[in-house]
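Worksheet: the structure to be examined is printed underneath.
Proteins come first, then strands; the chains are lettered A, B, ... in the order of their sequence lines, and each starts at number 1.
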Protein chains: 2
Amino acid sequence: MSHTLGIRQAQKQKTRQALMDAALELLADQSLSSLGLREVTRAVGVAPTAFYRHFDSTADLGVALVEEALGSLHAVISRLLTATWDSDERIARTVELIADRVGSHPAHFRFIARERHGGVRAVREAIGAQLDLFTEEVRAAISQDPAAEGWSDDDLLMLAGLYVEHMVLTASALLTTAPEDVPRAMRLAERQLRLVSLGRRHWLD
Amino acid sequence: MSHTLGIRQAQKQKTRQALMDAALELLADQSLSSLGLREVTRAVGVAPTAFYRHFDSTADLGVALVEEALGSLHAVISRLLTATWDSDERIARTVELIADRVGSHPAHFRFIARERHGGVRAVREAIGAQLDLFTEEVRAAISQDPAAEGWSDDDLLMLAGLYVEHMVLTASALLTTAPEDVPRAMRLAERQLRLVSLGRRHWLD
DNA sequence: CATTCCAGAGAACAGCTGTTAACTGGATGA
DNA sequence: TCATCCAGTTAACAGCTGTTCTCTGGAATG
């Protein structure tokens, strides 16, 4: 599986990653639509023209960043969803997971929150597609639950959408929360999820 | 109350409004952090330097746009909240109101959704402050409701936050919905609100 | 070993940017 | 009527932008 790359390809990937890392850092206080290609190459210490060996444009780089930020999350989320905990435990674990990821990769989540409704269409769409994927995965998971008995597919999708949106919202809230207030923000997110779960339990009344 | 402005002040306000309108239009496919002052003045047909007679920077203009987009909404929301309808009716009216406003001022809502997590701190904060205001207003309104008996202030704020976030979410969803799918999106938003209301009703169980 | 390949460098391009300074001419107020 | 004010203009500044073409030197290939 793991084919050893030649020195040349390895170097190329290293430069590509350096460009993506630098871009992510520069995006801490600006939006993608104002990110210049020269700005990125300057930060890496590489000629402006080298950029074109890796990306067509900064928009293209943005799409690659979406994959980097959200691609690896599917596996983690799926594992969480298939575990069989009771409702409160699952809620706590979910919020913990989000807080952990936000804590270890803040720039990625900042990027996603910022560009989700941002000025670059291709990136917006890439993020939307990833979130739709998450929504479908969540829908599949909760449809297995005995509590989903009698639910229409449409209602399941509605609920899954609510969960996914809330995850994004929580991540973005945690980003703008001072470290000492993180526990409070986590408890807030948990209460909101608990309220939604209550609504879910009485949906068919 | 309505003091007649001199010709000079009237002209100044007219130019200022033209700058804001042009900016809003240009922001349809870019973020504020990439909006140039020359770009705006060019669109209006005015010298670049004239910009400084009205705003310090494009960020300053952005803050003014936040006020324009959300300032007038408080009165409308308050009126809606104090009306005494039953739960389902209120939900339907709320979603209708949002759909109406989004339909008549799409650029304003696009701007808010885009810059809520955008790259310009001052604008992010201005939007956050406005949303906090809405949250407090909603909290005050639902605390009057008999259903709020026994609720802690913290829980009321949590629920109000959920409602406000959902309004923003619905507005942004309606923006990216094709006209023929708007009714479907509205019904989806209503079902989500109904689920939250169910959770609310059973919160103290 | 000789050849091909290709990531990155270098230089140059037209055109854009925010900001300054000094100005004009019509509305304003005494 | 006449002096003052001030929204908008003109010109110029240094510095930035994306994109092109040409070149180079070390890795890959046979």
Side-chain angles (χ1 to χ4, degrees), chain A residues 2-23 25-65 115 118-123, chain B residues 2-23 25-65 115 118-123:
Chain A
S2 73
H3 187 293
T4 307
L5 274 60
I7 313 185
R8 200 137 117 192
Q9 290 206 34
Q11 262 300 338
K12 182 171 184 181
Q13 279 215 356
K14 206 171 143 189
T15 305
R16 183 187 150 99
Q17 190 60 50
L19 288 169
M20 289 173 68
D21 292 348
E25 201 165 329
L26 289 165
L27 287 171
D29 34 33
Q30 65 179 309
S31 306
L32 184 63
S33 78
S34 65
L35 183 70
L37 124 199
R38 291 186 105 107
E39 203 179 344
V40 179
T41 55
R42 196 186 312 126
V44 174
V46 113
T49 47
F51 187 91
Y52 292 107
R53 300 282 177 199
H54 302 276
F55 306 102
D56 286 343
S57 60
T58 50
D60 191 25
L61 190 163
V63 172
L65 281 176
E115 301 304 328
V120 182
R121 170 187 282 252
V123 171
Chain B
S2 74
H3 187 296
T4 307
L5 274 59
I7 319 183
R8 206 140 101 179
Q9 291 205 37
Q11 263 300 338
K12 182 171 185 181
Q13 278 214 356
K14 206 171 146 191
T15 305
R16 183 187 150 98
Q17 191 59 49
L19 288 169
M20 290 174 67
D21 292 349
E25 200 165 330
L26 290 165
L27 287 172
D29 35 32
Q30 66 181 307
S31 306
L32 184 62
S33 77
S34 64
L35 183 70
L37 128 196
R38 290 186 106 107
E39 203 178 343
V40 179
T41 55
R42 197 185 312 126
V44 174
V46 113
T49 47
F51 187 91
Y52 292 108
R53 300 281 176 201
H54 303 276
F55 307 103
D56 287 342
S57 60
T58 51
D60 191 25
L61 190 163
V63 172
L65 281 176
E115 301 304 329
V120 182
R121 170 187 282 252
V123 171

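Across all their heavy atoms, A:Val44 and A:Ala18 have their closest contact at CG2-O, 3.5 Å.
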Side-chain atoms of residues 26-43 of chain B: list all donor-acceptor pairs with protein atoms under 3.5 Å, sequence neighbours left out, distances to 0.1 Å.
residue	atom	partner	partner atom	Å
B:Gln30	OE1	B:Ser34	OG	3.1
B:Gln30	NE2	B:Leu26	O	3.4
B:Gln30	NE2	B:Glu39	OE2	2.7
B:Ser31	OG	A:Gly119	N	3.3
B:Ser33	OG	A:Ser31	N	3.1
B:Ser33	OG	A:Ser34	OG	2.8
B:Ser34	OG	A:Ser33	OG	2.8
B:Ser34	OG	B:Ser31	O	3.0
B:Glu39	OE1	B:Gly36	N	3.0
B:Thr41	OG1	B:Leu37	O	3.3
B:Thr41	OG1	B:Arg38	O	2.9

Can I get a per-line list of side-chain donor-acceptor pairs under 3.5 Å for residues 46-61 of chain B, giving both atom names and the distance, sequence neighbours left out?
residue	atom	partner	partner atom	Å
B:Ser57	OG	B:Ala59	N	3.4
B:Ser57	OG	B:Asp60	N	3.2
B:Asp60	OD2	B:Asp56	N	3.0

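Contact annotation: B:Arg42 reaches the phosphate of C:dT17 (side-chain N/O to OP1 or OP2, under 4.0 Å).
Look at CG on B:Leu32: it is 15 Å from C1' on C:dG18, rounded to the nearest Å. C:dC16 atom P lies 16 Å from atom CG of B:Leu35, rounded to whole Å. Straight-line distance from the CZ atom of B:Arg38 to the C1' atom of C:dT20: 12 Å, rounded to whole Å.
Only A:Gln11, A:Lys12, A:Thr15, listed by number, bring a heavy atom of residues 10-23 of chain A to less than 4.0 angstrom from any atom of DNA chain C. Of the residues in residues 44-63 of chain B, those placing a heavy atom less than 4.0 Å from an atom of DNA chain D are B:Val46, B:Ala47, B:Thr49, B:Ala50, B:Arg53, B:His54, in numerical order.
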Exercise. Mark up nucleotides 24-30 of chain C, 5' to 3', with B wherever a protein heavy atom is under 4.0 angstrom from a base atom, S wherever such an atom reaches only the sugar-phosphate, and - elsewhere.
Key: --BBS--

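With rounding to the nearest 0.5 Å, the separation of CD in A:Gln9 from CZ in A:Arg16 is 12.5 Å.
Here A:Arg121 pairs with A:Glu125 under the salt bridge (charged side-chain N to carboxylate O under 4.0 Å, His left out) rule; sequence neighbours left out.
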